[in-house]
There are 2 protein chains.
Amino acid sequence: MPHSPVLCTVDAVLLTLQQGALQVLLARRERAPFAGTWALPGGFIHPQEDADAQASALRVLQDKAGVRPPYLEQLATFSGPARDPRGWSLAVVYCALVPAERLQGLGDGVRLVNVDEVPALPFDHGAIVCQALERVRGKSQYSSLPVHLCGEQFTLPQLQAVYEAVLGEPLNKVSFRRKMDELAMLEPVPGALQGGGAHRPAQLYRLRPAFRRSLSLSPRGL
Amino acid sequence: MPHSPVLCTVDAVLLTLQQGALQVLLARRERAPFAGTWALPGGFIHPQEDADAQASALRVLQDKAGVRPPYLEQLATFSGPARDPRGWSLAVVYCALVPAERLQGLGDGVRLVNVDEVPALPFDHGAIVCQALERVRGKSQYSSLPVHLCGEQFTLPQLQAVYEAVLGEPLNKVSFRRKMDELAMLEPVPGALQGGGAHRPAQLYRLRPAFRRSLSLSPRGL
DNA sequence: GGAATAGTGTCTGTCAGACAGTATTGG
DNA sequence: CCAATACTGTCTGACAGACACTATTCC
């Protein structure tokens, strides 16, 4: 039974929506290697402490950003001798979606950057961010995934804007509303309307409890 | 820099099609724990030897089954303190698709079992097989994935039967051929027909070279 | 009443599936 | 010619998207 000297880590790609664009959370590295540079939040798996790799990822996000993401999904595992200068390493990477409202007052060691303006990142973090975006955009085409970027309550026009920001293309209003209706995951908040503009107020919706933790899939996309 | 005592392993779910049904490859465990029982082929990552976890999976499949699968995809990573009695472990699991013709003359330590008749497996291998089937069936609904279960050359009726076996439901012949045409990944083998029956012979097709390593996706499924 | 946005009714082109026809082999 | 399977032409119902209309607010 070989005792392998593999460095076991987790990294997290935390995405949110701000100013109509997807943002990814970066953390300033406190220790070598690459101390002082911005990278994905990550850390070693603590076997004595963590129930599994997902628990490690939750711990890392709690420690670095003080966030408990409502949606967290395993993205993939990256490994090899070259990605970390300390030696053969393995990173289980998770992808988190968080409503912007939960990310107020981030500390000094973390920041959000537009996914279209991500600087060069250490390790293979650049490729990891790309793969996360690919996954999120892919799943958004046929599932309810983007609702996890919204807060508790939201209007259908707001939700459509979120889908359009993630997918990067405008959507048909009638089709979008038909699909949301078919997915049957939203319920109107009785009597709750979002006013404020000089126009008809919009009905507020919330996620049905059954869909809080699971996605809803549309057979033919969108 | 903590030296984590995490057991780093890879497991492989190798699927093939035999007698019109999906089969999964099991290997008899030679060592403890669970010595003598059937389980997914797996083993430790060898950092000195393996370029990454995928290389570990290829090495394991080569060693245990003598196979180099034409299609190999990372499924997910499973981890925790309870899945392996030796301690906190982490398994990067890969899913392989192999044409049945490449699995002739398997040794004594391996066997194929129908995925509907998989016995209770040690570790969390039962759940892993379920997740692999879910992934393969899901992807088969909108991609060219099942072609990797066919040999070099095949007819369209044969390919349709493969899709039907994987998906577990009959497909419309006209729609299926339209989709295969749209995917533009197959080319007829000039002058090659599959005869043998008392009926019109079928055109043989092969995968276009550009699609040997990548999948082709259909926007609206099937 | 006007501006602005929310929400809905209806038409139409496109596409998946059904059906039925033709094609080509062996016996 | 018959049986059996390969392949193809055409119709039809369903659905996505476009358009136009109504609804409701603030000013």
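Hydrogens, waters and symmetry mates play no part in the numbers below; they use all other heavy atoms, side chains included.
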Please state how far atom CD in A:Gln160 lies from atom C1' in C:dT8, giving the value in whole angstrom units.
14 Å
More than 12 foreign heavy atoms under 6.0 Å from CD of A:Glu101: is that the case here?
yes
Judged by each residue's nearest nucleotide on DNA chain C, which is more toward the 5′ side, B:Ala198 or A:Ala198?
A:Ala198
When every nucleotide of nucleotides 16-24 of chain D is labelled 5' to 3' by its protein contacts under 4.0 Å (heavy atoms), B for base, S for sugar-phosphate only, - for none, what sequence of letters results?
BBBB---BB
Output yes when a side-chain donor or acceptor of A:Gln23 lies under 3.5 Å from a complementary backbone atom of A:Gln18, and no otherwise.
yes
Measure from CG on A:Leu193 to C1' on D:dC26 and round the result to the nearest Å.
15 Å
Would you confirm whether A:Glu169, through its side chain, and A:Ala165, through its main-chain N or O, come within 3.5 Å as a donor-acceptor pair?
no
Rounded to the nearest Å, what distance is computed from the CG atom of residue B:Leu156 to the P atom of nucleotide D:dT5?
17 Å
Checking the side chain of B:Asn172 only, and the main-chain atoms of B:Ser175 only, is there a donor and an acceptor separated by less than 3.5 Å?
yes
Rounded distance (Å) that lies between atom P of D:dC7 and atom CD of B:Gln194:
10 Å
From CG of B:Asp181 over to C1' of C:dG17, roughly how many Å is that when rounded to an integer?
17 Å
Test your reading of the model: is there a side-chain donor-acceptor pair from B:Gln74 to the backbone of A:Thr77, 3.5 Å cut-off?
yes
For A:Arg212, is there an ion pair with A:Glu152 - N to carboxylate O distance below 4.0 angstrom?
yes
